[in-house]
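None of the values given here were measured: they were computed from a predicted structure. Quick note on labels: first sequence line is chain A, next is B, and so on, each numbered from 1. Reckoned from all heavy atoms, side chains included, excluding hydrogens, waters and symmetry mates.
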Protein chains: 2
Amino acid sequence: MPLNSDPIGFAHHDHATCVTDAVASVEARCIAAGLQFTPVRKRVLEILLEEHRALGAYEILDRLRDEGLGSQPPVAYRALDFLTKHDFVHKIERLNAFIACAHPHEVHTPAFLICRDCNAVAEAETNLTQGRLAKIASATGFIIERAILEAEGLCPNCIPKSEPA
Amino acid sequence: MPLNSDPIGFAHHDHATCVTDAVASVEARCIAAGLQFTPVRKRVLEILLEEHRALGAYEILDRLRDEGLGSQPPVAYRALDFLTKHDFVHKIERLNAFIACAHPHEVHTPAFLICRDCNAVAEAETNLTQGRLAKIASATGFIIERAILEAEGLCPNCIPKSEPA
DNA sequence: TTGATATATGTCATAATATAACATATCAAC
DNA sequence: GTTGATATGTTATATTATGACATATATCAA
Ligand SMILES: [Zn+2]
Ligand SMILES: [Zn+2]
Ligand SMILES: [Zn+2]
Ligand SMILES: [Zn+2]
């Protein structure tokens, strides 16, 4: 699998400040909401932001272990539980992996585009109350609380490789 | 968790013939496509149709073992690989579980409504080339090959229990 | 019919993902 | 400071899934 060099919307970006900006934003939101943004939780978010790709829980745990922040699975899973519960991080069900949220604001329904070649993941935003799923649900009398939208395919960078000439 | 008594679109239905009809339909499609609908594959499909709910691979394996059709995980996973590859069965990523396809025809993009209370799963049909995901993808230059659409919430049968008066 | 090839199964072993349970520590409110 | 809630450390185990390799069966051509 090729390296994933530009996972945010599959386009390059200035990575210099985006990690610290995102961490600061989450920190502020935690303070505002009375949530404890503890060292482990903060570090897990940082790791995900630094990598800017979907990481498995055990990849994250390896990093934490190297840094002396925790060595057992529950440490990673608890931090991920906290971060995903508050939508600072999302789980990609298709990959059993986690990625930092690419959006700044409070509540949203993320949709992911997952490249099967380079494993890059782009996060788009959708609206839970619009779209076909919502129509189907309301016709059925089903109340949607959460939606998982994940598309697999080829990102713009990998299409040329797979469809030569 | 309450029993799941009516998982097809959350409504009761005549279950008497639907299993044999569905198996016959799949059998015909396998013959037409030159696919081997072997005893294990057939039995796994039957089990899923009989239960009409999402089953984990190991639940299926337990059944196979009881019936002397296989005792090791690869037996179940291989049958499920075959059935999901050809869309006779779908995997519910959110549940790490499998459910028989509720639709008769060849190729489709299923969308699932998953009740968090009774675990019932309804399958609706969508179109890969319409909808917001497709718009986002085409704007991004991403080629969608497959989509995972899973909504979690409360089915019509469980809403009364969760929202009293 | 036979041999060659692909496909499917049986089995053992292990990998990868995730949680239960319980003791200890820290935080937040009073 | 006491207290209750929240977070962490740790051991153990549960759950989900695949690698590897030998054997068997199906398919097809000669
Ligand atoms: Zn997000
Ligand atoms: Zn790619
Ligand atoms: Zn289907
Ligand atoms: Zn329900």
If you restrict it to nitrogen or oxygen atoms, what contacts under 3.5 Å exist between nucleotides 8-17 of chain D and the protein, and what is each distance?
unit_1	atom_1	unit_2	atom_2	d
D:dT8	OP1	A:Thr38	OG1	2.7
D:dG9	N7	A:Arg78	NH1	2.9
D:dG9	O6	A:Arg78	NH2	2.4
D:dT10	O4	A:Arg78	NH2	3.4
D:dA17	OP1	B:Lys91	NZ	2.6
D:dA17	OP2	B:Tyr77	OH	3.0
D:dA17	O5'	B:Tyr77	OH	3.4
D:dA17	N7	B:Tyr58	OH	2.5
D:dA17	N6	B:Tyr58	OH	3.2

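Paired with A:Glu150 under the rule side chain to side chain contact (heavy atoms under 4.5 Å, CB included), one option of A:Val121, A:Ile114, A:Leu95 passes, and it is A:Ile114.
Every residue was checked against the side chain to side chain donor-acceptor pair (under 3.5 Å) condition with B:Asp21, not counting sequence neighbours, and none meets it. Looking at residues two or more places apart in sequence or on another chain, you find a side chain to side chain donor-acceptor pair (under 3.5 Å) between A:Asp62 and A:Arg65. In this view, B:Ala22 and B:Leu49 satisfy the side-chain contact (heavy atoms from CB on, under 4.5 Å) rule, not counting sequence neighbours. Not a single side-chain contact (heavy atoms from CB on, under 4.5 Å) links A:Ala134 to another residue, sequence neighbours left out. Qualifying side-chain contact (heavy atoms from CB on, under 4.5 Å) partners for B:Arg63, counting only residues two or more places apart in sequence or in other chains: B:Arg43, B:Ile47, B:Glu50, B:Glu51, B:Glu67. Qualifying side chain to side chain donor-acceptor pair (under 3.5 Å) partners for B:Glu145, counting only residues two or more places apart in sequence or in other chains: A:Arg116.
Pairs engaging residues 83-102 of chain B under the side chain to side chain donor-acceptor pair (under 3.5 Å) rule: B:His90-B:His108, B:His90-B:Glu123, B:Arg94-B:Glu152 [sequence neighbours left out]. Residue pairs meeting the ring-ring contact (aromatic ring centres under 6.0 Å, His included) criterion with at least one partner in residues 21-46 of chain A, sequence neighbours excluded, do not occur; the list is empty. Within the structure, ring-ring contact (aromatic ring centres under 6.0 Å, His included) pairs that include any residue of residues 121-150 of chain B comprise A:Phe10-B:Phe142 (at least two apart or interchain).
The CG-C1' distance, from A:Leu61 to C:dA15, rounds to 16 Å in whole Å. In this structure, CG of A:Asp62 is placed 12 Å from C1' of C:dA16, rounded to the nearest angstrom. As a whole-Å value, the separation of A:Leu83 CG from D:dA7 C1' is 14 Å. A:Ile60 has its CD1 atom 14 Å from the C1' atom of C:dA16, to the nearest Å. Between B:Phe37 atom CZ and C:dA8 atom P there is a gap of 13 Å when expressed in whole angstrom units. Per the geometry, CG belonging to B:Leu64 stands 11 Å off P belonging to C:dT9, to the nearest Å. Atom-to-atom, CG of A:Leu80 to P of C:dT19 comes out at 11 Å; the value is rounded to the nearest Å.
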Going 5' to 3' through nucleotides 24-30 of chain D, assign each nucleotide B (protein heavy atom under 4.0 Å from a base atom), S (under 4.0 Å only from sugar-phosphate atoms) or - (no protein heavy atom that close).
--S----
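B:Arg41 places no side-chain N or O within 3.5 Å of a backbone atom of B:Leu80 that could act as its donor or acceptor partner.
Helix bend of the helix from C:dT1-D:dA30 to C:dC30-D:dG1: the angle between its two end axes, each built from five pairs, comes to 40° after rounding to 10°.
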